[in-house]
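What follows is a single structure, and I will ask about it in a moment.
Lettering of chains follows the sequences in order, A, B, ..., and the numbering in each one begins at 1.
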Protein chains: 2
Amino acid sequence: MRYRAGLETRDKILDATRRLITEAGLESTTIKAICDRAGVLPGSFYNLFDSKEQAIVTVVREAIEAVDPDPQHLGRDTLAALVEAYIVFITSQADLAGVYIAIAVSGTRNNPDLRGRFLRHHEGRVERFAAAIEREHPEMETEETTRRAETLVSALNGIALHRVLDPNFDVARHGRALLSGALTPD
Amino acid sequence: MRYRAGLETRDKILDATRRLITEAGLESTTIKAICDRAGVLPGSFYNLFDSKEQAIVTVVREAIEAVDPDPQHLGRDTLAALVEAYIVFITSQADLAGVYIAIAVSGTRNNPDLRGRFLRHHEGRVERFAAAIEREHPEMETEETTRRAETLVSALNGIALHRVLDPNFDVARHGRALLSGALTPD
DNA sequence: TTCATCTTTGAGTGATCATTCTAATTTGAA
DNA sequence: TTCAAATTAGAATGATCACTCAAAGATGAA
C-alpha cells in the first residue's frame, strides 16, 4: 500500500463527522467542527473530499447499510430476528443510529439525494419485514402484511428517535413490546 | 386596540417560521428566509423579537401545546381518545406536527432549553397515557402501565416522523394499529 | 540517495449568517 | 389636525460559513 497517511486522515474525518452528526446534529456539523475534532486542517479535508456534502453522504450511506445486517439471511429471517437486529444496531452502534435518525428528519428536506436514498432503504426494509410476517402467517394477505410491517418499522424508528433524546431509554424492552403487539388481530 | 400593525406582522413572522421549519427544517430557517416569506424586513423582525431563537421557541411552544388538546378531559380520557387526538393533530395541523418532530430530533441537541421543554412534555404525555391504561386495566401494575405508555407514545412519534417524510402515509390506520397492539399480553 | 507524487499547512476568498442602527413612515389618542 | 409613540425600511456590522490555493513537508519506488 502506498501513502497510507491520507487514508488514516480520511478515517479520522469520517469518525469526527459521524460523532458530530449524532451529538450535535446536522446543523452544527461544519467543516471547522469536523476538522477541529479530527485534528486536521480544511486543506486536508478538501484534499480527500470534494465537499462537506460528500463526507456526510458517505457517513449516511454507512449508517443506512448498518441498519440491515446479515443480508445473507434475506428471505429466511424471522420477524423476531429482524427486530432484535435493529435493537442491536441502535444500542451497539449509537453513533450510526444517531446519524440514521438525524438524516431521517433533517437531512431529507433539502437534499433530494438523501431523501431518495432514505425512502428507498425504508421501502426495502418494510418489504423484508413483510416477507417475514408472511412466512410466519401464511394466511395473511399481502396487503395486510405490508401494512403491519409499515407500522412496525415506523414504530421502531420512533423508539430509536427517543433513544437519541434519552440514552437511558430501554430500546430492547420497548422494541420487543412492539414485536408482540405487531401481530395482534385488529 | 392600539397599533395592531405590529401584531399582524408578528403573526406573519410566526406563520412563516412555522412553515419554514416544517418544509425546510431548522437548518434552513434563517432570518432572511423568514423575512422573505413573511414579506417583512429584518428591522421589523428585530422590532418584534429579541432574536431568531425567540421566534423559534415561540413556535415550538405552540407545537408542544397543540399536541395535547382538551386538557379539561385530563383524568377522564380513554386511551383510544388520546390516540385519536394525536392522529387528528398530525393530520390536521401538519405544520405544527412538523415543527414538533423537527424539534424532537434536531432542536434538542444544542439547546438545553428546548431539550428540557420537550422531555418534560413527553413525560407528562406518558403519564396521561399511562393513567388512561390504568383506568381501563385496573389489574395492571403502575410500572407496567407506564412502560406500555412509553412504548405507545414513542411508537406514535415514529408514525408522525414517517408522515413528515411521506405525506401519503396513513397516520390514522397505523396509529390505530399501534393502539390495538398496545394492550396485548406479553 | 534521488525525486516525482502524495499530503498537510494555513492564510485567504466571497457568500451568507444573525444582529444593529438611524432615518422615514404610519398609527391613533387627543 | 397635531404629535408622540409605534412601526418599518434598508444599509451596514462583524462573525462564520463552505471552499480554494500556493508553498512546504512527508512518503516510498527506483
Side-chain angles (χ1 to χ4, degrees), chain A residues 1-21 23-60 99 102-103 106-107 109-114, chain B residues 1-21 23-60 99 102-103 106-107 109-114:
Chain A
M1 183 194 310
R2 267 182 80 173
Y3 302 113
R4 88 157 87 75
L7 296 178
E8 280 168 11
T9 302
R10 192 185 139 91
D11 280 349
K12 282 194 287 182
I13 288 173
L14 288 178
D15 191 53
T17 305
R18 204 179 294 125
R19 275 157 46 219
L20 265 172
I21 293 176
E23 291 169 22
L26 262 184
E27 204 170 350
S28 306
T29 304
T30 63
I31 295 290
K32 184 178 173 0
I34 292 172
C35 291
D36 282 355
R37 188 174 286 218
V40 144
L41 285 164
S44 291
F45 181 95
Y46 282 99
N47 180 47
L48 294 158
F49 297 92
D50 289 340
S51 64
K52 175 182 131 174
E53 180 85 7
Q54 193 184 76
I56 289 178
V57 167
T58 302
V59 163
V60 168
V99 170
I103 263 46
S106 357
R109 302 195 212 219
N110 294 311
N111 191 321
D113 176 42
L114 280 188
Chain B
M1 183 195 311
R2 263 182 83 173
Y3 301 113
R4 90 155 85 77
L7 295 178
E8 279 168 11
T9 302
R10 192 185 139 90
D11 280 349
K12 282 193 287 183
I13 288 173
L14 288 179
D15 190 53
T17 305
R18 204 178 295 125
R19 274 156 47 216
L20 265 172
I21 294 176
E23 290 169 22
L26 262 184
E27 204 169 351
S28 306
T29 304
T30 64
I31 294 290
K32 183 177 172 4
I34 293 173
C35 290
D36 282 356
R37 190 174 285 218
V40 146
L41 285 164
S44 292
F45 181 95
Y46 282 97
N47 178 48
L48 292 158
F49 298 92
D50 289 340
S51 64
K52 175 183 132 175
E53 180 84 7
Q54 193 183 78
I56 289 178
V57 167
T58 302
V59 163
V60 169
V99 170
I103 262 46
S106 359
R109 302 195 211 219
N110 295 310
N111 192 321
D113 175 43
L114 281 189

Discussion item. Let me confirm one number: the CD1-CD1 distance from A/Ile21 to A/Ile56, rounded to the nearest 0.5 Å.
Written reply: 5.0 Å
Discussion item. Assuming nearest nucleotide by heavy-atom distance, tell me which of A/Ser44 and A/Thr29 is located more 5' along DNA chain D.
Written reply: A/Thr29
Worksheet entry | A/Pro42, nearest nucleotide to its side chain (from C/dT7, D/dC19, C/dT19) | D/dC19
Worksheet item: Looking only at heavy atoms, what is the nearest atom pair of A/Val60 and A/Ile103, with distance?
Response: CG2-CG1, 3.2 Å
Worksheet item: NA contact type, B/Thr30, heavy-atom cut-off 4.0 Å: base, sugar-phosphate, or nothing?
Response: sugar-phosphate
Discussion item. Can you work out whether B/Gly43 or A/Gly43 has the more 5'-proximal nearest nucleotide on DNA chain D?
Written reply: B/Gly43
Discussion item. Tell me the interatomic distance from A/Leu41, atom CG, to C/dG10, atom P, rounded to whole angstroms.
Written reply: 6 Å
Worksheet item: What distance do A/Asp11 atom CG and A/Arg18 atom CZ have between them, rounded to the nearest 0.5 Å?
Response: 8.0 Å
Discussion item. Between the side chains of B/Asp15 and B/Lys12, is the shortest nitrogen-to-carboxylate-oxygen separation below 4.0 Å, so that they form an ion pair?
Written reply: no
Worksheet item: Could you give the NZ-to-P distance, from A/Lys32 to C/dG10, as a whole number of Å?
Response: 14 Å
Worksheet, complete the sentence: Regarding the side chain of A/Thr9, the nearest nucleotide among D/dT8, C/dT7, D/dC17 is C/dT7
Response to the item:
Atom CD of B/Glu8 and atom P of C/dT26 are separated, to the nearest Å, by 15 Å
Item to complete: For DNA chain D, find the residues of residues 45-60 of chain A with a heavy-atom distance under 4.0 Å and give them by number; none if there aren't any.
Response: A/Tyr46, A/Ser51, A/Lys52
Practice prompt. Taking all heavy atoms of B/Phe45 and all of B/Val40, pick out the closest pair and write down the distance.
Written response: N-CG1, 4.2 Å
Discussion item. Expressed as a whole number of angstroms, how long is the span from B/Lys12:NZ to D/dT7:P?
Written reply: 13 Å
Worksheet item: Taking atom C1' of C/dC6 as reference, at what distance in whole Å does atom CZ of A/Arg10 sit?
Response: 16 Å
Discussion item. Expressed as a whole number of angstroms, how long is the span from A/Asp36:CG to D/dT16:P?
Written reply: 12 Å
Practice prompt. Rounded to the nearest 0.5 Å, what's the gap from CZ on A/Phe49 to CG on A/Leu14? Could you check?
Written response: 4.0 Å
Discussion item. Rounding to an integer number of Å, can you tell me how far B/Ile31 CD1 sits from C/dA15 C1'?
Written reply: 17 Å
Discussion item. Within this structure, what is the CG-CZ distance for the pair B/Leu20 and B/Arg37, rounded to the nearest 0.5 Å?
Written reply: 4.0 Å
